[in-house]
Novice: 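Just dropping this structure here.
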2 protein chains.
Amino acid sequence: MSNDAHNSRRRRSTEQPTLKQVADAAGVSAITASRALNRPDQVNELTRARVLEAVERLGYVPNLVAGSLASARSRFIAVIVPSLANSVFIEVIQGLQETFEAQGYQILLGNTEYDLEREYQLIRTFLGWSCSALVTAGLRHNEACRTLLANCDKPIMEVMELGEARDLNVGLDHTEAGRCMARHLLERGHRQTLFIGARLAGDYRAGMRYEGHREIFEQAGLTAPLLELERGGLDAGAAGLERALAEHPDIGAIHFANDDLATGALLHAQRLGLAVPQRIAIAGFNGLPIGQHVTPRLTTIRSPRHAMGELAATAVIRRLEGQRVARRQHDVGFELLVGDST
Amino acid sequence: MSNDAHNSRRRRSTEQPTLKQVADAAGVSAITASRALNRPDQVNELTRARVLEAVERLGYVPNLVAGSLASARSRFIAVIVPSLANSVFIEVIQGLQETFEAQGYQILLGNTEYDLEREYQLIRTFLGWSCSALVTAGLRHNEACRTLLANCDKPIMEVMELGEARDLNVGLDHTEAGRCMARHLLERGHRQTLFIGARLAGDYRAGMRYEGHREIFEQAGLTAPLLELERGGLDAGAAGLERALAEHPDIGAIHFANDDLATGALLHAQRLGLAVPQRIAIAGFNGLPIGQHVTPRLTTIRSPRHAMGELAATAVIRRLEGQRVARRQHDVGFELLVGDST
DNA sequence: TACAACGATGTTAGCGCTAACATGATAGCG
DNA sequence: CGCTATCATGTTAGCGCTAACATCGTTGTA
């Protein structure tokens with residue numbers, strides 16, 4: 001005995017009401033109910049009111065999966081970053097999220113852990129979710145990933161750095177940032193300097209800053225040695241300072257790849273009783289708040305990371321809405337914050 | 001003239017190959033191809049090899065939207081946090097993400113900005129995506145949200161704090177943490193103390209810590225005034241210190257709601273030439289690395305946030321796989337880190 | 001008055017995949 | 001040898017929604 005019209009092969013799992021039920025309750029067809037919810041201007045105001053009332057009464061929650069399948073569009077934006085441990089990416093994500101969510105897009109966040117193969121897998125997954133657009137941190141991808149991106153007609157936004165982007169690009173010139181800090185150190189009279197970074201294979205943008213740094217010092221006829229650490233963070237910065245003093249006793253300034261390292265070193269110098277910048281000058285990158293609170297204030301470079309996220313999202317949204325994007329490439333620039341540590 | 005069998009109402013948008021095409025290329029039916037990809041043990045090894053070869057050759061990317069609709073299951077886990085600006089949530093998210101992604105689940109991240117109405121909207125959206133489970137930070141939700149959660153048969157995990165959870169719960173007792181620090185301050189001989197927090201309506205867990213703090217001091221016959229700031233962060237901590245000294249000149253110790261505020265205050269005290277802890281003792285909460293790098297080291301409470309995420313994810317996964325979850329409620333505890341600032 | 005133009009709504013046919021059931025071949029066993 | 005159990009694969013019928021086309025009344029216009 002079937003208690004239903006045709007229970008031959010039913011498999012509705014949840015008892016959630018469907019759009020059809022809402023439509024029946026409102027006395028309209030399913031498509032009208034759909035339009036009432038998604039294209040309000042295409043239905044009569046009274047009809048819409050009845051549909052909304054039925055939605056409310058039945059506690060209808062639209063099945064977005066079905067909607068995406070039918071329309072071949074989801075309102076997902078894939079966002080792929082190499083790390084969540086680094087606050088830099090968090091700030092960009094925040095800018096992206098605020099802007100996208102305000103327009104009704106949902107972010108799908110992927111974390112590659114600096115692994116390009118994982119990036120490929122993530123992009124595959126996200127494409128499988130018919131995401132509307134892709135935002136990735138960085139311009140470097142592996143072969144498979146480049147193929148996937150090339151064969152995909154969705155907007156692709158590459159953020160953080162500037163360069164030969166596939167499609168849209170919002171970022172800053174890291175090589176130039178490295179040059180900028182190097183020039184500052186030179187101006188301050190530092191001749192014996194060291195660049196300290198961590199895991200530069202992954203954080204290749206730090207490597208680019210080192211290249212800029214080296215360029216300037218070599219132009220001045222000076223060497224610019226590099227010290228690469230196994231890990232990042234405050235502890236690593238402190239350890240890096242120790243190693244620097246041991247391996248390069250005559251060093252006068254250290255250009256750190258980021259503020260975490262630099263702050264760790266600066267606070268450690270305090271503990272060691274080393275005068276900063278007299279005995280050793282310290283510079284960072286990122287312009288994190290902590291750098292402006294330590295004494296002496298850290299010399300660093302600040303980039304508009306939140307704005308970078310907003311600008312990137314805005315450009316993607318314009319593209320998705322079929323509008324022209326004014327600039328495919330946008331340099332957000334950076335700002336040298338001269339503190340008292342150099 | 002149709003160049004296709006029946007182009008009456010075609011609307012395939014992308015030219016992405018479908019599972020059917022893969023199946024044809026491999027000489028099997030669609031369902032076999034599906035099984036080859038999703039239930040490898042249910043198909044013959046050779047058949048599977050042929051399917052995988054076809055997948056590779058055609059560059060097939062599974063349409064996860066269609067799969068989810070058909071199976072009424074997605075591999076999404078909704079994760080809802082009140083803020084991304086606070087590194088505390090980031091660490092929990094990292095723990096969640098690592099664990100979930102390792103099991104093939106994708107995180108859908110929502111940010112409520114401490115707004116319970118936004119939380120409701122996010123949960124609606126995520127349910128619309130047929131997420132497999134929901135992880136939310138905190139036990140407080142608004143009426144609509146509670147209804148939604150009550151009528152939803154998916155695993156629900158509430159993290160960060162312990163209490164009357166709807167389903168699963170992993171967290172720590174914030175009231176007890178507040179008591180713990182208060183006892184420490186009492187032991188150190190501090191009688192005139194002040195609790196400083198920011199935006200406690202949103203960060204109600206800080207409010208719970210204050211309640212614990214007050215309880216202990218009132219039991220000792222002492223008052224425990226509260227100073228609430230408009231904003232958080234290092235700057236706010238510095239400003240809070242100034243206000244505390246102005247409004248409570250006889251104060252000997254400040255219990256800050258978190259390490260950001262405490263560190264800001266501690267570094268500002270340095271600049272002001274105030275001896276910490278002799279003139280003013282400072283305590284925080286969270287156990288952030290920076291607190292262990294400043295001089296004097298910050299007294300604080302560390303909670304295992306990364307582990308909290310891992311444990312939460314593990315429990316949810318067990319539930320999803322139909323296994324029994326040993327403990328519906330799990331207290332991850334906390335640890336008093338006695339520094340030199342108290 | 002006839003006809004186009006438009007607005008509001010409905011009908012039909014999928015989107016690409018998988019659950020449920022069906023089938024057929026092979027193995028195991030008394 | 002007939003029976004059931006098991007494995008590998010196929011057929012059918014949706015999942016819940018929306019695109020595309022169709023319909024029907026109402027207006028405006030020559």
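Reminder, nothing fancy here: chain letters follow the sequence lines and each chain counts from 1.
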Novice: How close or far is atom P of D:dC7 from atom CG of B:Asp41, stated in whole angstroms?
Specialist: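 Checked: the CG to P distance equals 10 Å.
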
Novice: Closest approach to the side chain of A:Arg39, judged atom by atom: which nucleotide of D:dA19, D:dT9, C:dG16 is it?
Specialist: D:dA19

Novice: Looking at the side chain of B:Arg73, which of D:dA19, C:dA19, D:dT9 is the nearest nucleotide?
Specialist: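 Minimum distance to the B:Arg73 side chain belongs to C:dA19.
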
Novice: If you look at every strand shown and take non-hydrogen atoms under 4.0 Å, does B:Thr47 touch a base, only sugar-phosphate, or nothing?
Specialist: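 If one applies the 4.0 Å heavy-atom cut-off, B:Thr47 turns out to touch the sugar-phosphate alone, with no base involved.
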
Novice: Take atom CD in A:Glu45; do more than 12 heavy atoms of anything else shown fall under 6.0 Å from it?
Specialist: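 Result for CD/A:Glu45: open.
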
Novice: Starting from P on C:dT9, measure out to CD1 on A:Ile31 and report it in whole angstrom.
Specialist: 12 Å

Novice: Ignoring hydrogens and geometry, is there a side-chain-to-backbone donor-acceptor pair from B:Gln106 to A:Leu109 under 3.5 Å?
Specialist: yes

Novice: Select one nucleotide: of C:dT9, D:dG14, D:dG16, the one nearest the side-chain heavy atoms of A:Thr32.
Specialist: C:dT9

Novice: Is the phosphate of C:dT9, meaning OP1 or OP2, less than 4.0 Å from a side-chain N or O of A:Ser29?
Specialist: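 The answer is no; no side-chain N or O of A:Ser29 sits under 4.0 Å from OP1 or OP2.
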
Novice: Enumerate the residue pairs fulfilling ring pair (Phe, Tyr, Trp, His ring centres under 6.0 Å) with a member in residues 56-76 of chain B, sequence neighbours excluded, ordered by first and then second residue.
Specialist: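 Those involving residues 56-76 of chain B are A:Phe76-B:Phe76, A:Trp129-B:Phe76.
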
Novice: When you measure from the side chain of B:Arg73 to the backbone of B:Ser132, do you find a donor-acceptor pair of N or O atoms at a distance under 3.5 Å?
Specialist: no

Novice: If you check the B:Val28 side chain, which of D:dG10, C:dC17, D:dT18 turns out closest?
Specialist: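 Selected nucleotide: D:dG10.
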
Novice: Among the candidates C:dG10, C:dG16, D:dC17, find the nucleotide nearest to the side-chain atoms of B:Thr18.
Specialist: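 The closest nucleotide is C:dG16.
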
Novice: Choose from C:dT9, D:dC17, D:dT18 the nucleotide whose nearest atom is closest to any side-chain atom of A:Val43.
Specialist: C:dT9

Novice: Below 3.5 Å, can you tabulate the donor-acceptor pairs from side chains in residues 309-320 of chain A to any protein atom, sequence neighbours excluded?
Specialist:
from: A:Glu310; atom 1: OE2; to: A:His306; atom 2: ND1; distance (Å): 3.4
from: A:Thr314; atom 1: OG1; to: A:Glu310; atom 2: O; distance (Å): 2.7
from: A:Arg318; atom 1: NE; to: A:Arg324; atom 2: O; distance (Å): 3.1
from: A:Arg318; atom 1: NH1; to: A:Gln323; atom 2: OE1; distance (Å): 3.1
from: A:Arg318; atom 1: NH2; to: A:Gln323; atom 2: OE1; distance (Å): 3.4
from: A:Arg318; atom 1: NH2; to: A:Arg324; atom 2: O; distance (Å): 2.9
from: A:Arg319; atom 1: NH1; to: A:Asp167; atom 2: OD1; distance (Å): 3.3
from: A:Arg319; atom 1: NH1; to: A:Asp167; atom 2: OD2; distance (Å): 3.2
from: A:Arg319; atom 1: NH2; to: A:Asp167; atom 2: OD1; distance (Å): 3.4

Novice: With a 4.0 Å cutoff (strictly under), does any side-chain N or O of A:Tyr60 reach OP1 or OP2 of D:dG16?
Specialist: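 For D:dG16, neither OP1 nor OP2 has a side-chain N or O of A:Tyr60 closer than 4.0 Å.
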
Novice: Using the rule given for side chain to side chain contact (heavy atoms under 4.5 Å, CB included), can you reason through B:Glu101 versus A:Gln121, listing the C-alpha separation, both sets of side-chain angles and the distance that settles it, and then say yes or no?
Specialist: CA-CA 11 Å; B:Glu101 287 197 2; A:Gln121 293 298 344; over 6 Å; no

Novice: When the axes are fitted on five pairs at both termini, how much does the helix from C:dT1-D:dA30 to C:dG30-D:dC1 curve, in 10° steps?
Specialist: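 Roughly 40°, once rounded to the nearest ten degrees.
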
Novice: How is A:Val65 classified with respect to the nucleic acid when contacts are heavy atoms under 4.0 Å: base, sugar-phosphate, or nothing?
Specialist: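 Nothing, no heavy atom under 4.0 Å.
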
Novice: Could you state the atom-to-atom distance from CZ of B:Arg50 to P of D:dT9 in whole Å?
Specialist: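 After rounding, the gap between these two atoms is 8 Å.
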
Novice: In whole angstrom, give the distance that lies between atom CD of B:Gln42 and atom C1' of C:dA20.
Specialist: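 These atoms are roughly 13 Å apart.
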
Novice: Counting side-chain heavy atoms from CB outward, which of D:dC17, D:dT18, D:dG10 is closest to A:Ala30?
Specialist: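 The nucleotide sitting nearest to the side chain is D:dT18.
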
Novice: Between B:Ser130 (side chain only) and B:Ala72 (backbone N and O only), is there a donor and an acceptor less than 3.5 Å apart?
Specialist: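 No; judged by distance alone, with no hydrogens or angles, the pair does not exist.
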
